[in-house]
Amino acid sequence: MRTLISGALAISMAMALAGVGLTAMPAWRLRAVEIMPVILAVASFAVGGYFLVTQDLSVGVAFWGIVDVHWLGLLAGPVTGILLAIAAFWLEAQITRRWYRNRAGHDMYFLYVPVAGRSETMTAVAGIAQRGRYFAVLSLLSASGEEFFYRGVFLLGGTAVAHGTVAAFLLVQAFLYGINHVAFGVPAVAGKCLLGVSLGVTALLGGVPASLIAHLFYQVLVLRQFRGKERVHS
């Protein structure tokens with residue numbers, strides 16, 4: 001598991017350094033939200049592919065796990081995943097509402113360099129949400145990379161070739177997935193950890209295809225949320 005954790009931390013560090021590099025430059029600051037999903041996808045696919053080659057891990061195991069895939073699992077996986085995604089989305093909304101009830105947004109710093117604060121980041125996401133196809137492409141790209149590495153290589157592959165319980169891999173991958181969303185604020189990290197657990201359970205039931213379907217459904221909820229806010233303010 002330590003090797004997999006190192007890979008996940010490498011992805012997080014790549015995200016952090018890229019985020020600082022982009023947001024420290026005024027010309028790129030507002031476009032960081034558009035570029036970061038691409039960087040995340042590239043880093044996830046690169047690290048995941050590295051483990052496939054070096055850890056003697058088959059693609060089949062990384063996508064389906066070590067259990068025999070049955071049509072009931074293919075059906076139950078996406079259905080369960082969608083329900084869990086709805087629950088995770090609602091819980092994150094509740095956490096966010098309570099957290100910011102008496103708090104104002106502040107700029108964030110990494111290595112003493114200012115990066116985009118939550119309010120700025122959310123405003124940028126809202127702008128992308130108004131461009132449906134563009135939002136869909138970015139969502140598909142980032143979700144595919146995340147599901148391939150965190151739920152596929154880390155969770156399904158890790159439990160197949162490494163020592164440790166399924167619960168341990170499930171919780172660790174969810175936490176490492178969650179910390180990549182620190183730019184959206186503390187509640188988002190907590191919410192994405194919950195989402196990571198939900199998607200992990202979905203992958204255990206129906207493989208990475210099921211968790212990807214659930215992840216994309218979650219993105220649809222995000223899209224509807226931001227478009228709803230835009231209609232309210234317009």
Side-chain angles (χ1 to χ4, degrees), residues 1-22 31-65 81 85 88 110 121 125 128 134-162 169-184 188-189 191-204 206-219 222:
M1 182 184 288
R2 291 181 179 179
T3 305
L4 290 169
I5 291 176
S6 298
L9 292 177
I11 295 174
S12 297
M13 185 56 66
M15 291 285 292
L17 293 175
V20 169
L22 289 169
R31 299 199 61 186
V33 174
E34 303 176 49
I35 300 173
M36 294 301 287
V38 179
I39 296 175
L40 174 59
V42 171
S44 297
F45 279 120
V47 174
Y50 171 80
F51 282 119
L52 285 180
V53 174
T54 61
Q55 302 299 314
D56 194 26
L57 182 63
S58 70
V59 175
V61 170
F63 273 85
W64 301 107
F110 182 80
T121 301
V125 173
I128 298 174
Y134 190 44
F135 183 90
V137 170
L138 291 178
S139 295
L140 178 60
L141 189 61
S142 60
S144 297
E146 289 171 329
E147 294 313 306
F148 170 65
F149 177 74
Y150 291 98
R151 262 63 71 178
V153 173
F154 197 110
L155 177 58
L156 299 181
T159 54
V161 302
F169 279 96
L170 177 65
L171 295 177
V172 171
Q173 64 82 26
F175 172 75
L176 294 171
Y177 165 71
I179 62 177
N180 284 339
H181 299 80
V182 67
F184 294 95
V189 174
K192 294 305 183 293
C193 286
L194 292 173
L195 178 62
V197 172
S198 301
L199 295 174
V201 171
T202 303
L204 291 170
V208 168
S211 65
L212 179 59
I213 291 173
H215 196 151
L216 292 175
F217 181 82
Y218 183 91
Q219 291 301 108
V222 173

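Keep in mind it's a predicted model, so treat the numbers as computed, not measured.
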Heavy-atom pair with the smallest gap, counting every atom of W64 and G206: CZ3-O, 3.5 Å
Stepwise side-chain contact (heavy atoms from CB on, under 4.5 Å) test for I11 and Y150: CA-CA 11 Å; I11 295 174; Y150 291 98; 3.8 Å; yes
task: Grab the two heavy atoms, one from F169 and one from F154, that are nearest each other, plus how far apart they are.
output: CD2-O, 3.6 Å
message: Testing the basics here: between L138 and P37, what is the closest heavy-atom pair and its distance to 0.1 Å?
response: O-CB, 4.2 Å
field: Gap between atom CG of L4 and atom CD of Q55 - 0.5 Å precision
entry: 7.0 Å
- request: With R151 as the cation and F63 as the aromatic partner, state whether NZ or CZ is under 6.0 Å from the six-membered ring centre and within 45° of the axis.
  value: no
query: What is the minimum heavy-atom distance between V161 and L57, and which atoms define it?
result: CG1-CD1, 3.9 Å
field: Shortest non-hydrogen separation from L141 to A41 and the atoms involved
entry: O-CB, 3.4 Å
- prompt: So, S139 side chain and A136 main chain: donor-acceptor pair closer than 3.5 Å or not?
  reply: no
- prompt: How far does CE of M15 sit from CG of L40, to the nearest 0.5 angstrom?
  reply: 4.5 Å
- prompt: Which value, rounded to the nearest 0.5 Å, describes the distance between S211 atom OG and L156 atom CG?
  reply: 7.5 Å
query: Distance from L204 atom CG to L155 atom CG, nearest 0.5 Å?
result: 4.5 Å
field: Test side-chain contact (heavy atoms from CB on, under 4.5 Å) applied to L9 and S6, step by step
entry: CA-CA 5 Å; L9 292 177; S6 298; 5.8 Å; no
task: Check step by step if side-chain contact (heavy atoms from CB on, under 4.5 Å) holds for I213 and F217.
output: CA-CA 6 Å; I213 291 173; F217 181 82; 5.6 Å; no
Q219 side chain vs L140 backbone, donor-acceptor pair below 3.5 Å: no
query: Okay, side chain of E147, backbone of S144: is any donor-acceptor separation there less than 3.5 Å?
result: no
- request: May I ask you to check whether F45 and F148 place their ring centers less than 6.0 Å from one another?
  value: yes
message: Distance alone, cut at 3.5 Å: any donor-acceptor contact between the side chains of E146 and S44?
response: no
query: Between Y134 and E34, is any side-chain donor less than 3.5 angstrom from a side-chain acceptor?
result: yes
- line: Nearest heavy-atom contact between A214 and L199 is CB-CD2, 3.7 Å
message: Within this structure, what is the OG-CD1 distance for the pair S12 and I5, rounded to the nearest 0.5 Å?
response: 11.5 Å
- prompt: What is the distance from atom OH of Y177 to atom CZ of F149, rounded to the nearest 0.5 Å?
  reply: 13.5 Å
